Amino acid sequence: MSSVMEAFNASTTAFANAREATIVAVNSSLIHRLIDSINVFSVFFTLFAVAVAYDQITYWRLKANIAGEPLKIPFVGPFHESVKPSFEKYYAKWLTGPLSCVSVFHKFVIIASTRDMARKIFNSPTYVKPCVVDVAHKLLRPENWVFLDGKAHVEYRRGLNGLFTRQALETYLPGQQEVYRDYFQEFCDLTAANKGAPKPFVYMFRELMCAVSCRTFVGHYMSREQVKRIADDYYSITAALELVNFPVIIPYTKTWYGKKAADKVIEAFSNCAAKARVRMRQKGAQPECIIDRWLLQQMESERYRERLAKGEKVPDEEKPAFLLRNFSDFEISMTVMTFLFASQDATSSACSWIMQLLADRPEMLAKVREEGKRIRPDSRSEVTLDMLENMHWTRACVKETLRYRPPVIMVPYLVKKDFHIQESNYTAKKGSMIIPSTWLSLHDPEVYPNPDSFEPERWISGTAEEQGKNWLVFGTGPHYCIGQTYAVLNLICLLHMMAGELEWEHEITETSEQIRVFATIFPMDDLRLGFTKRTDTMEAREGLVV
């Protein structure tokens, strides 16, 4: 019996082992085939497919119901369009709806195109804050005042208001006129060297506006050679501030050169602040530029606090109009750098278009000259603030240029917490970039009849001055441009002086009216001009005409 059982057990065990062996062999064969089929490329493509799907799903989730491309180019999105921006493509995007979107690299960008939607963004500091562009923090420094938010921004800004009062603006005018006359002569010399033929002048206007801004901001603490270097450096900085950039700064790219240029500019302005600090402590020193006035207000505030600390009862009339804390040379330098950043490209754009538009409309330019001669008969006399404020036609030409060709067509903001926009039933997610555009509000036919026509008369006999809600040239809300009055007066002064002292010829090309986007907007052909001195002005300066 036992032998039978042993035989049975033996045969059963042998059969089981064989079956298990077969199963193991089959499984092993499958595993080996799977392992053999797995290689670096298949792993890569699998992970890539998962990443593409995740990128697309994330885009759909953020896009929700607003206008935008249904499918995103994986990861990079329309990066090539941000490298070579096209005004026509921007315009087409604005027309797709009040809110539209794109996604480039890691950044989801929401575009607000209508007046009401743009104003909503400008006036929502609880949800958004200015960011310029991603790389701006690295170029302008993250501690820069323009990136401050809430109470910190309000207090810092309050301390700058005294730099743009009417009294302050009056003191900056002599330096501006000195710079203009120097460059007027250079413009004529350049044309003569070119045998009277027109040549591109956009880059010279960039240098001119950099020079006049530097004279306004840092006075004579910076030489003309330094100003030329600053103008070149600012071109590199502007080139680096594209709407969307690669997430990191790569050596020998635009952002790398921009960062190096920004560091040099901050150092140069710090040196100017240090020189001004020494000068303004001297007895009888009078402010001639913005940093002079800013330091003087700080010193007056410091003396006031010292008197209070000693227990002195200071009469209210002796309290400084602007009570400031002390700012370091580095803080002053960063602030001046942002002033130049705000004024350089915008005024370069505006003056380029003014020169082109009026050269092509001689009857309008003639009215600028007639008004200027009536208000300031002697071209040798200094231009005063009262004179500029009474040049209504010249002002109308400037404001119409700013409306017709607004220098700043978009203002990037960062969404700092989820922002529900009820009008579009859409929630902009934290971390997104949201960009109000100014173009459509300034070309609204219901507000500005014939909006695509250059008509300065609308600012005198029309209703343009009453359209404050649409006038978004300088933004609105808590971050509106602090120097908007200075900017307009500066352009009026430039146009008045240039019209009075120079003749200029514009060579119209096929691309003169086309728009090139380079941070701000410029004529596509870089504005081909030729300059000569006006005969009657030369005679007046030589004393031949009274």
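Computed from a prediction, not measured in an experiment: that's the story for all the values here. What you see below is based on every heavy atom in this structure, not just the backbone, and it leaves out hydrogens, waters and symmetry mates.
The pair R403-D444 fails the salt-bridge criterion, with no side-chain N (NZ, NE, NH1 or NH2) lying under 4.0 Å from an Asp/Glu carboxylate O. Under a 4.0 Å N-O distance rule, the pair R158/E155 does not qualify as a salt bridge. Residues K429 and D418 are paired through a salt bridge, judged by an N-O separation under 4.0 Å between the basic side chain and the carboxylate. Ion pairing of R181 with E501 is present here, as a side-chain N (NZ or NE/NH1/NH2) and a carboxylate O approach within less than 4.0 Å. Between E465 and R395, at least one side-chain nitrogen of the basic residue sits less than 4.0 Å from a carboxylate oxygen of the acidic one, meeting the salt-bridge criterion. Using a 4.0 Å cut-off between charged side-chain N and carboxylate O, E370 and R374 make a salt bridge. We find that R405 and E513 are joined by a salt bridge, their nearest charged nitrogen and carboxylate oxygen being less than 4.0 Å apart. Looking at E331 and R141, no side-chain N of the basic residue comes within less than 4.0 Å of a carboxylate O on the acidic one, giving no salt bridge.
Side chains of Y183 and E207: a donor on one and an acceptor on the other come within 3.5 Å. If you check the side chains of D345 and T238, you find a donor sitting under 3.5 Å from an acceptor. For the residue pair D525 / S512, a side-chain donor-acceptor distance below 3.5 Å is found, with atom types taken as modelled. With 3.5 Å as the limit, one finds a donor-acceptor pair spanning the side chains of R376 and H496. A donor-acceptor pair shorter than 3.5 Å can be found between the side chains of E88 and S86. In this model, no donor atom of one side chain and acceptor atom of the other lie less than 3.5 Å apart for S437 and S113. Under 3.5 Å, the side chains of Y180 and N490 contain a donor-acceptor pair of N or O atoms.
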Exercise. Given the rule in the side-chain contact (heavy atoms from CB on, under 4.5 Å) test, do S343 and F217 qualify, once you have shown the distances and angles that lead to the verdict?
Worked result: CA-CA 11 Å; S343 66; F217 301 154; 3.7 Å; yes
For this session: Report the C-alpha separation of L140 and M334 in whole Å, then their side-chain angles, then the decisive distance to 0.1 Å, and conclude whether the side-chain contact (heavy atoms from CB on, under 4.5 Å) test is met.
Result: CA-CA 7 Å; L140 304 180; M334 285 195 300; over 6 Å; no
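Taking the six-membered ring for Trp and thresholds of 30 and 60 degrees, Y156 and F327 have ring planes more than 60 degrees apart, a perpendicular arrangement. Between W94 and F87, the ring planes are perpendicular. Angles over 60° get that label, and only those under 30° would be called parallel. Using bins of under 30°, 30° to 60° and over 60° for the plane-to-plane angle, the ring pair F339/W145 lands in the perpendicular bin. Ring orientation note: the planes of F187 and F184 are tilted relative to one another, at an angle of 30° to 60°.
Judged by the 6.0 Å and 45° rule, K399 forms a cation-pi pair with W471. Annotation: cation-pi geometry not satisfied between R115 and Y448 (NZ/CZ under 6.0 angstrom from ring centroid, within 45° of ring axis).
For Q185, the side chain to side chain donor-acceptor pair (under 3.5 Å) partners two or more places apart in sequence, or in a different chain, are D189. Under the rule for a side chain to side chain donor-acceptor pair (under 3.5 Å), the partners of R369 that lie at least two apart in sequence or sit in another chain are E503.
For OH of Y91, the number of neighbouring non-hydrogen atoms (other residues, nucleotides, ligands) closer than 6.0 Å is 12 at most. Atom CZ of F147 has more than 12 neighbouring heavy atoms from other residues, nucleotides or ligands inside a 6.0 Å radius.
At distances below 3.5 Å, not a single donor-acceptor pair connects side-chain atoms of E400 with backbone N or O atoms of E457. A donor-acceptor pair under 3.5 Å is formed between the side chain of D292 and the backbone N or O of E288.
Q514 and W353 get closest at one heavy-atom pair: O-CH2, 4.0 Å.
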